[in-house]
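Let me begin by presenting the structure, written as structure tokens, before commenting on it.
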Amino acid sequence: MRAADAPRVFSRERDLVPLVDLIGRLRAGPPGSSYLHPGGLQWLMRKTPDPEFAIHVWDDGDTMTGVVVIDGDYAMAHADPARNDVLDLIAWSESDARRGGRSAVEISVWDDDTPLRAAVAARGYAPAGHFGPLLVWRMNGEPPAPSLPPGYRFVDFTADMDDAYVEMHRDAWSVIRPSPYRRERHDRVTAMPQFERGMVPIVAAPDGTLAAYCIGWYDPVSRWTEIEPLGTRPAHAGRGLAHAVVREVIRRSWRRGADAVMVWATDPASTVHVNEPARRLYESSAMRAERVLREYRKAL
């Protein structure tokens, strides 16, 4: 079945839960063209008010069948293969980019998805030079417990810590350039349907300063958790805190009944570009690359 010619602009009230369910169903199904995890999508949606960010959805009246998430030139097209053709959504993304005055579209395709790689090449897409490995921990019994340096400890993430958490995130993510994360963005994140404070391991320093963290997004449909984001304050780097946080979110995911934990080892300056220090960190926690996602670009 071909995609509808005119999708709807995303409405949070109407579409958020069905959209999260669609992405979960795609991840729970057989490997295909989709790559988003519901958690990664919900983290992206902190950008909802930004002018360069938009979401368009397709449905058949009762069920959501496709989505295109637009972040600048980058278009993330996902479709239920039983109801829509992802190529139709990619073609719509090109038309939308032209209407918006953009000069190019970038998409991502799995390296092992030979039919889709051939199809997008026929549409004029070429490798953009960026790629990212999907790193995965598969549950096989109880995972090992994390270890923290003396004086550091895990603390519960309560609502009264939100301002301190925002400052920690901004400090951790302002090494390259100032982080745009603010309390209003944070409030959008914590209001997402799959956000759980109990899935956010936070490490406090001996003086009580919040030092390191990650968000674990557990999806009950696919039974996968995604780590997005993870950060350590520069003043506390080099102490193994990030490694401990990864181990802790794996343990918490195991307790929730997860089958796997995933993360993208991406460069913070690019949507899909390998971040080698991050990759080494996750691989030191026994996460292994299972697939590679590559970015393709088409000039319009």
Side-chain angles (χ1 to χ4, degrees), residues 10-21 23-24 37-50 53 55 145-146 148 151-175 178-221 223-237 239 241-258 261-263 268:
F10 173 83
S11 163
R12 178 188 172 95
E13 181 177 350
R14 174 179 177 178
D15 298 323
L16 179 56
V17 172
L19 176 54
V20 169
D21 179 71
I23 299 302
H37 179 281
L41 172 64
Q42 290 167 91
W43 170 249
L44 275 171
M45 289 174 66
R46 73 195 185 280
K47 300 181 177 183
T48 299
D50 296 358
F53 187 84
I55 301 176
L148 290 170
Y152 287 85
R153 66 194 187 283
F154 286 106
V155 294
D156 293 337
F157 184 23
T158 54
D160 61 336
M161 295 166 57
D162 281 352
D163 287 334
Y165 174 95
V166 170
E167 289 306 309
M168 171 179 58
H169 177 99
R170 285 176 49 76
D171 196 11
W173 285 91
S174 294
V175 176
S179 168
Y181 203 66
R182 295 290 189 277
R183 180 58 190 263
E184 57 269 23
R185 288 196 174 202
H186 178 70
D187 289 344
R188 284 193 290 274
V189 171
T190 59
M192 287 295 157
Q194 290 183 345
F195 179 84
E196 300 179 49
R197 290 183 181 272
M199 287 295 292
V200 185
I202 296 179
V203 176
D207 65 358
T209 301
L210 304 187
Y213 73 100
C214 77
I215 299 179
W217 298 90
Y218 173 68
D219 171 44
V221 176
R223 297 169 63 96
W224 280 58
T225 294
E226 179 172 10
I227 296 173
E228 182 66 279
L230 178 147
T232 301
R233 280 186 139 138
H236 299 275
R239 294 175 171 85
L241 303 186
H243 187 277
V245 165
V246 171
R247 291 283 188 173
E248 180 64 14
V249 83
I250 289 172
R251 283 182 63 82
R252 295 185 188 190
S253 297
W254 171 71
R255 293 190 187 109
R256 290 286 279 111
V261 178
M262 60 165 282
V263 70

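Index from 1, following the sequence.
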Item to check | Minimum side-chain heavy-atom gap R188-P49 below 4.5 Å | outcome: yes

Checklist entry - Does S174 reach the main-chain N or O of S179 with its side chain, forming a donor-acceptor pair under 3.5 Å? => result yes

Item to check | Check against side-chain contact (heavy atoms from CB on, under 4.5 Å), I202 and M161 | outcome: CA-CA 11 Å; I202 296 179; M161 295 166 57; 4.1 Å; yes

Item to check | Contacts of E167 that satisfy side-chain hydrogen bond (donor to acceptor under 3.5 Å, both in side chains) - sequence neighbours left out | outcome: none

Checklist outcome for this item: Those residues at least two apart in sequence (or on a different chain) that pass side-chain hydrogen bond (donor to acceptor under 3.5 Å, both in side chains) with R197 are D162

Checklist entry - Do the rings of H186 and F157 sit parallel, tilted or perpendicular, given the 30° and 60° boundaries? => result tilted

Checklist entry - Quick one: NE2 on H243 to CG on L230, what's the gap to the nearest 0.5 Å? => result 11.5 Å

Next on the checklist: Measuring only between side-chain heavy atoms, which start at C-beta, is Y213 closer than 4.5 Å to P201?
Outcome noted: no

Next on the checklist: Would you compute the distance between atom CG of L16 and atom CE of M192 and round it to the nearest 0.5 angstrom?
Outcome noted: 5.5 Å

Next on the checklist: Quick check: do R252 and T225 have side-chain heavy atoms less than 4.5 Å from each other?
Outcome noted: no

Item to check | pair C214-V246: side-chain heavy atoms closer than 4.5 Å | outcome: no

Checklist entry - By ring pair (Phe, Tyr, Trp, His ring centres under 6.0 Å), which residues pair with Y218, not counting sequence neighbours? => result none

Next on the checklist: Is it true that D156 and T158 share a donor-acceptor pair across their side chains at a distance under 3.5 Å?
Outcome noted: no

Checklist entry - Any donor and acceptor pair, going by atom type alone, linking the side chain of E228 with main-chain N or O of W43 inside 3.5 Å? => result no

Next on the checklist: Less than 4.5 Å apart, side chain to side chain, heavy atoms only: is that true for V189 and I215?
Outcome noted: yes

